[in-house]
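Right, one structure below, let's go through it.
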2 protein chains.
Amino acid sequence: MYTQLKQFLARNMAADEATLDAFCQKFRLKKTGRNELLLSVGEVCPYIYFVNSGCLRIYMMDLNGKESTRFLVTEGRFGTAFPSFTLQEPSVAYIQSIEPTEVLYINHKDFKALLDEVPGWERVYRINLERDYIASIKRIESLITMDATQRYKQLMETSPALIQRLPNRIIADYLGISQETLSRLKSKKS
Amino acid sequence: MYTQLKQFLARNMAADEATLDAFCQKFRLKKTGRNELLLSVGEVCPYIYFVNSGCLRIYMMDLNGKESTRFLVTEGRFGTAFPSFTLQEPSVAYIQSIEPTEVLYINHKDFKALLDEVPGWERVYRINLERDYIASIKRIESLITMDATQRYKQLMETSPALIQRLPNRIIADYLGISQETLSRLKSKKS
DNA sequence: GATCAAATTTGACAAATGTCAAATAATTAA
DNA sequence: TTAATTATTTGACATTTGTCAAATTTGATC
């Protein structure tokens, strides 16, 4: 149950088994089905999730019902409606399990406590924030410098598994394009 | 010289004057002119900057010479070519002072040392990372959900001072649109 | 203040992408 | 397996945005 979370920690943190266990025990397990909603717009996101298996999708919906995917979180990664969870304010995004998914979750108060109580965890968390922030900078760059074709091509190179795994519709609104445009890009490929 | 940096620290950190002084003394002062280049593509970014006055611009340039602005950093904020500085790898972006600018700067090694040596600093830095990351998430959202008109309107609401202060060209490539399109949006406004 | 350079605006047109509708294909659930 | 749902593709067209060129305005420098 905690195997992957421990691996995640051990990668960046020199901690003994007791510390790792104490850390992990703050998390609880949840299993969800396909297309299950974990958070709705307007709610304050209470949890941050660690994905053991499956895939979480954080997405927005506009007035016409058009969806846009902010993030996709697969095995071995933390994910949440980050602004809502961090600032404890109402979310503008939904969280959904696209596939049957197994997650570990912890509430905001306990998560903050971990930062105070577990030596080394604040550093590990900070380094992960840096990594996530860098990933978001690269995504911003691709959105302001590349057209749809280039963005799709880049995603194929960096995350081919995602493209195989997820429906077209979700890949499209992750890239910020319509599914029809994506469909045409895929066929027009040389 | 260190007034603003101390204020920045004091906002989130309970530290005595001696600690603040020790912290600040790791930074050196630099004054730049208009449109001066602080970092070029391909270089490993050695410094993170704290802007006392003026404005830094982190931007990219494509093969045709078209520029895109990744970030704008004004008074009282830290800024750098973040992926390059953090990972100490070659930068894909330039750093430029758009206006005559006064910055404090510190190299990567010393900056990392601060995280170990100054109690409370890692927390302050982590909280700022969270804030910057949240800002970048909101920017991604605006890029995948809004058209040019909406993005400009949003920028007018959140940062009217930036629009007044900076040339059209830079606002445009920060929004990911051409300057001609921006010019038309401004006149067509109802 | 005059001159030069840079920034902005405007027009005409081209290219990219979105929208809507329908047809087809694939997947899920009974 | 079949029926029902969901996903994907395709066509026709509308809309948005980009590109290039030129005119105009603004601002910097001597």
Side-chain angles (χ1 to χ4, degrees), chain A residues 32-37 54-55 57 59-69 72 96-101 142-156 162-190, chain B residues 33-37 54-55 57 59-69 72 96-100 142-156 162-190:
Chain A
T32 73
R34 209 172 92 87
N35 291 331
E36 198 167 307
L37 212 57
C55 180
R57 173 187 180 225
Y59 69 100
M60 292 129 329
M61 194 187 290
D62 73 8
L63 297 170
N64 306 316
K66 206 189 76 178
E67 299 180 355
S68 301
T69 295
L72 296 165
Q96 170 196 50
S97 57
I98 307 185
E99 309 167 351
T101 295
S142 74
L143 287 166
I144 61 178
T145 64
M146 297 179 182
D147 63 18
T149 309
Q150 293 172 306
R151 295 209 294 278
Y152 175 63
K153 209 169 160 185
Q154 179 185 265
L155 189 65
M156 278 205 309
L162 264 194
I163 294 180
Q164 280 200 309
R165 180 173 180 173
L166 299 177
N168 235 331
R169 170 177 62 83
I170 289 176
I171 298 296
D173 60 42
Y174 177 77
L175 291 171
I177 62 181
S178 69
Q179 23 180 351
E180 293 94 336
T181 296
L182 178 57
S183 172
R184 290 182 173 108
L185 290 182
K186 289 173 82 165
S187 50
K188 201 171 45 173
K189 276 298 305 296
S190 57
Chain B
R34 210 172 92 86
N35 292 331
E36 199 167 305
L37 212 57
C55 180
R57 173 187 180 225
Y59 70 99
M60 293 131 325
M61 195 186 292
D62 74 9
L63 297 169
N64 306 315
K66 204 189 77 175
E67 299 180 355
S68 302
T69 295
L72 296 165
Q96 168 196 53
S97 56
I98 307 184
E99 310 167 351
S142 75
L143 288 166
I144 60 180
T145 65
M146 298 179 183
D147 63 17
T149 308
Q150 294 172 307
R151 295 210 294 279
Y152 174 63
K153 208 169 160 184
Q154 177 185 265
L155 189 65
M156 278 206 308
L162 264 195
I163 294 180
Q164 280 200 308
R165 182 172 178 174
L166 300 176
N168 235 329
R169 170 177 61 84
I170 289 175
I171 298 297
D173 60 42
Y174 177 78
L175 291 171
I177 62 181
S178 71
Q179 23 182 348
E180 292 94 334
T181 295
L182 178 57
S183 173
R184 290 183 173 107
L185 290 182
K186 290 173 82 166
S187 49
K188 199 173 42 175
K189 276 299 303 296
S190 52

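As the structure is a computational prediction, the values presented were derived from the model and not from experiment. As a basis for the values below, the full set of heavy atoms in this structure was taken, side chains included, without hydrogen atoms, waters or symmetry mates. Protein chains get the first letters and strands the later ones, always in sequence-line order, with residue 1 at the start of each.
- A salt bridge links B:E67 with B:R57: the closest approach of a Lys/Arg side-chain nitrogen to an acidic carboxylate oxygen falls below 4.0 angstrom.
- Taking atom CG of residue B:L182 and atom P of nucleotide C:dT8, one finds them 9 Å apart after rounding to whole Å.
- Once rounded to the nearest 0.5 Å, the distance linking CZ of A:R184 with OG1 of A:T149 reads 12.5 Å.
- Of the candidates A:I163, A:L185, A:I171, A:M156 forms a side chain to side chain contact (heavy atoms under 4.5 Å, CB included) with just one, namely A:I163.
- Atom CZ in A:R169 sits roughly 18 Å away from atom C1' in C:dG18 (whole-Å rounding).
- A:I177 comes within contact range of the sugar-phosphate backbone alone, with a heavy-atom separation under 4.0 Å but no base atom that close.
- Protein atom CG of B:N35 is 12 Å distant from nucleotide atom C1' of D:dA28, rounded to whole Å.
- Distances were taken from every side-chain heavy atom of A:A148 (C-beta onward) to each of C:dT17, C:dT19, C:dT9; the shortest belongs to C:dT17.
- If you measure from atom CE of B:M146 to atom P of D:dT16, you get 17 Å, rounded to the nearest angstrom.
- Between B:D147 and B:K153 there is no salt bridge, since no side-chain N of the basic residue sits under 4.0 Å from a carboxylate O of the acidic one.
- In this structure, CD1 of A:I171 is placed 17 Å from C1' of D:dT6, rounded to the nearest angstrom.
- If you take CD1 on A:I98 and CG on A:L72, they are separated by 5.5 Å, rounding to the nearest 0.5 Å.
- As rounded to whole Å, 11 Å separates atom P of C:dA16 from atom CD of A:Q150.
- Between the CG atom of A:L155 and the CE atom of A:M146 there is a distance of 11.0 Å, given to the nearest 0.5 Å.
- Each of B:R34 and B:K66 lies near DNA chain D, and the nucleotide nearest B:K66 is the one positioned closer to the 5' end.
- Distances shorter than 4.0 Å separate some side-chain N or O of B:S178 from OP1 or OP2 on D:dG18.
- Residue A:P167 places its side chain closer to D:dA7 than to any other of D:dT17, D:dA7, C:dA12.
- End-to-end axis angle of the helix from C:dG1-D:dC30 to C:dA30-D:dT1, from C1' rotation axes over five pairs per end: 60° (rounded to 10 degrees).
- In the set C:dT19, C:dA16, C:dG11, C:dG11 carries the atom at the smallest distance from any side-chain atom of B:R184.
- Distance B:K186 NZ to D:dT26 P: 12 Å, rounded to the nearest Å.
- In this structure, B:Q179 atom CD and D:dG18 atom C1' are separated by 12 Å, rounded to whole Å.
- Comparing atom distances between the B:N168 side chain and each of C:dT8, D:dT17, D:dT19 picks out C:dT8 as nearest.
- For D:dT9, one of the phosphate oxygens OP1 or OP2 lies less than 4.0 angstrom from a side-chain nitrogen or oxygen of A:S183.
- With D:dC20, D:dT17, C:dT17 as the candidates, the nucleotide lying closest to the side chain of B:T181 is D:dT17.
- Rounded to the nearest 0.5 angstrom, B:R169 CZ and B:S178 OG are separated by 13.5 Å.
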